Chemist: 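Structure provided below as structure tokens; questions to follow.
Everything numeric in this text was worked out from a predicted model, so none of it was measured. Counting starts at 1 for both ligands and their atoms, following the listed order.
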Amino acid sequence: MWGISSKSERRQRDKTPKKPKLKRITGTNIILWRYFTFFALGVIAVIALVCYGISGNALLTQTKRRVRTAGEDLIEAINDVNMPLSALERKVSDYGLLDGIDVFIFSLDGELIMPYIDVPPDKLKDLNDVMNANIGEWESDKKTEFNSREDQKAIFNYVACVRLLGRQPSYLLVRYPVSHIGESVRQIELYVLIIAICAFIIAFLISYTLANKLSGPIRDLSNTAQKLAEGDYSVQFNSLQYAEIAKLSDTLNYMKDEIKKSEDFRKELLANVTHDLKTPLTMIKAYASMIQEISGNDPEKRNRHCQVIIDEADRLTGLVNDILNTSKISAGLEQLNKKVFNLTELLYSVINKFSYLQERQGYSIMVDVEENLYTLADEEQIYQAVYNLVSNAVNYTGEDKTVYISLKYDAQEKRIKFAVRDTGKGIAEEELEHIWDRYYRSKDSHTRPVKGTGLGLNIVKIILEKHTFNFGVTTKEGEGSTFYVDFPKA
Ligand code: ADP
């Protein structure tokens with residue numbers, strides 16, 4: 001059949017789901033670095049815009065205020081009857097010389113009164129035109145402000161209707177070029193750009209260092225986890241720089257301990273199972289050979305030997321059942337199938353299972369049970385739990401070979417109380433927390449009618465926790481133990 005694949009095999013292969021395409025995964029440091037850089041860029045851009053806007057506006061407002069103040073100062077001087085003309089003329093030319101503010105005083109028919117300078121007639125006409133267009137007819141105390149353009153330059157103008165020396169109606173024109181503001185703003189732009197580049201480089205370096213610092217511990221964890229995955233359980237996660245990573249480290253350490261425990265459990269189970277399966281099988285084989293060769297014709301001996309075979313086979317069945325049960329129950333394969341059933345009857349049928357011990361080995365089971373108590377639970381699983389508890393009591397009880405079982409309804413607590421007591425050695429304090437663990441077995445547990453697997457109480461725990469029933473054990477060393485379960489009444 002080499003090289004030929006059957007139809008069903010091919011169908012199977014077709015059904016195998018395709019591996020999903022892996023997304024390209026980026027390192028945390030790159031992501032951090034990227035976000036930080038974008039953030040820095042954003043902040044720089046906002047700051048640059050704000051600087052640019054504020055500085056441009058502030059310069060313009062300041063310039064306009066200066067022109068306005070000059071205008072108001074000049075109006076006062078012009079309207080002053082006592083102001084000598086020469087003094088006024090000096091004031092006008094001072095504004096030009098010292099502040100770069102151009103000041104003109106015109107008569108109503110467009111003649112330049114001050115300053116005493118030669119202005120080309122077409123320039124004079126332009127000035128008059130622009131002024132008249134904006135202020136209109138002369139009216140006492142009238143004033144206005146406007147922008148105009150001259151030779152590609154923006155100029156801010158302030159015009160007012162005045163009375164020269166308190167008498168002659170005239171126009172005052174104060175103007176200042178605002179184009180240089182654009183230049184100042186461009187200067188600021190350049191500074192902002194240089195600062196932004198420096199800030200960006202610094203942000204880049206800081207973000208790179210920071211991102212590496214943050215992702216370093218994660219990389220350490222990942223390396224340690226890799227070693228753990230390769231089976232080195234001696235590793236220790238100890239990235240403690242940041243709270244979250246330290247917590248993750250703790251959790252990983254805890255996980256590692258748990259994995260180690262379960263690995264130990266696995267090894268122990270293998271050892272236990274190998275031992276527990278091997279012993280009964282050897283016994284069965286040995287006794288079967290004995291029957292075949294020696295005791296076949298001696299009914300008494302044959303019966304004794306057959307009984308050993310039956311007991312060992314029972315032990316094997318118990319062991320295999322226990323292992324299967326815990327695996328199934330703890331893997332969640334066994335779903336709860338709750339229904340109302342008679343708990344008293346269930347208990348009797350468990351006790352009946354031990355009748356052979358009562359008959360053959362002198363065990364006594366003292367029963368104090370209320371009739372017809374009904375509960376709501378998964379009958380099969382509860383049977384298993386009760387069976388395990390009774391079986392343990394029988395296994396661990398003392399020399400008197402007596403076990404006490406009670407099942408009573410407690411009206412106050414509204415619970416059916418089940419308890420099984422033995423008169424054995426009890427359980428040592430340090431063992432108490434372990435007895436419910438999987439595969440836990442006390443060291444000296446070999447003088448019992450049925451040998452255990454260390455799975456019984458673990459099965460009980462899983463079942464009762466799934467039902468959320470209250471259960472536990474009270475024990476006194478040297479006097480015995482009482483295992484109890486509280487069932488709801490249905
Ligand atoms: P085993 O198969 O060994 O009985 P179990 O899970 O049923 O496994 O019990 C775990 C351990 O708990 C036992 O090995 C024993 O040490 C202890 N134990 C359980 N029941 C009793 C009891 N009634 N009296 C004393 N010790 C007990």
Chemist: For Lys414, what residues pass the salt bridge (charged side-chain N to carboxylate O under 4.0 Å, His left out) criterion, not counting sequence neighbours?
Modeler: none

Chemist: Hey, are Arg68 and Glu72 close enough for a salt bridge, meaning a charged N less than 4.0 Å from a carboxylate O?
Modeler: no

Chemist: Heavy-atom pairs closer than 4.0 Å: do any link ligand 1 to the side chain of Asp422, the backbone, both, or neither?
Modeler: side chain

Chemist: Without placing hydrogens or testing angles, list every side-chain donor-acceptor pair under 3.5 Å for residues 219-226, not counting sequence neighbours.
Modeler:
unit_1: Thr224; atom_1: OG1; unit_2: Asp220; atom_2: O; d: 2.7
unit_1: Gln226; atom_1: NE2; unit_2: Glu230; atom_2: OE2; d: 3.1

Chemist: Should you measure from each heavy atom of Ile435, which atoms of ligand 1 turn up under 4.0 Å away?
Modeler: 10 (C), 12 (O), 17 (C)

Chemist: Examine Arg415 relative to Phe487 and say whether NZ or CZ is less than 6.0 Å from the centre of the six-membered ring and inside a 45° cone about the ring axis.
Modeler: no

Chemist: Provide the number and element of each atom of ligand 1 under 4.0 Å from a heavy atom of Leu457.
Modeler: 5 (P), 6 (O), 7 (O), 9 (O), 12 (O), 19 (C)

Chemist: Quick one: does Ser481 get within less than 4.0 Å of ligand 1, heavy atoms only?
Modeler: yes

Chemist: Does the side chain of Asp486 come within less than 4.5 Å of Glu413's, by heavy atoms?
Modeler: yes

Chemist: For ligand 1, which part of Ile427 has a heavy atom less than 4.0 Å away: the side chain, the backbone, both, or neither?
Modeler: side chain

Chemist: Mind checking whether His467 and Phe469 have parallel, tilted or perpendicular rings, split at 30° and 60°?
Modeler: tilted

Chemist: Which of the numbered atoms in ligand 1 are under 4.0 angstrom from any heavy atom belonging to Gly456?
Modeler: 5 (P), 6 (O), 7 (O)

Chemist: Please indicate whether any nitrogen or oxygen in Asn458 is less than 3.5 Å from any nitrogen or oxygen in ligand 1.
Modeler: no

Chemist: Taking non-hydrogen atoms only, is Phe483 closer than 4.0 angstrom to ligand 1 via side chain, backbone, both or neither?
Modeler: side chain

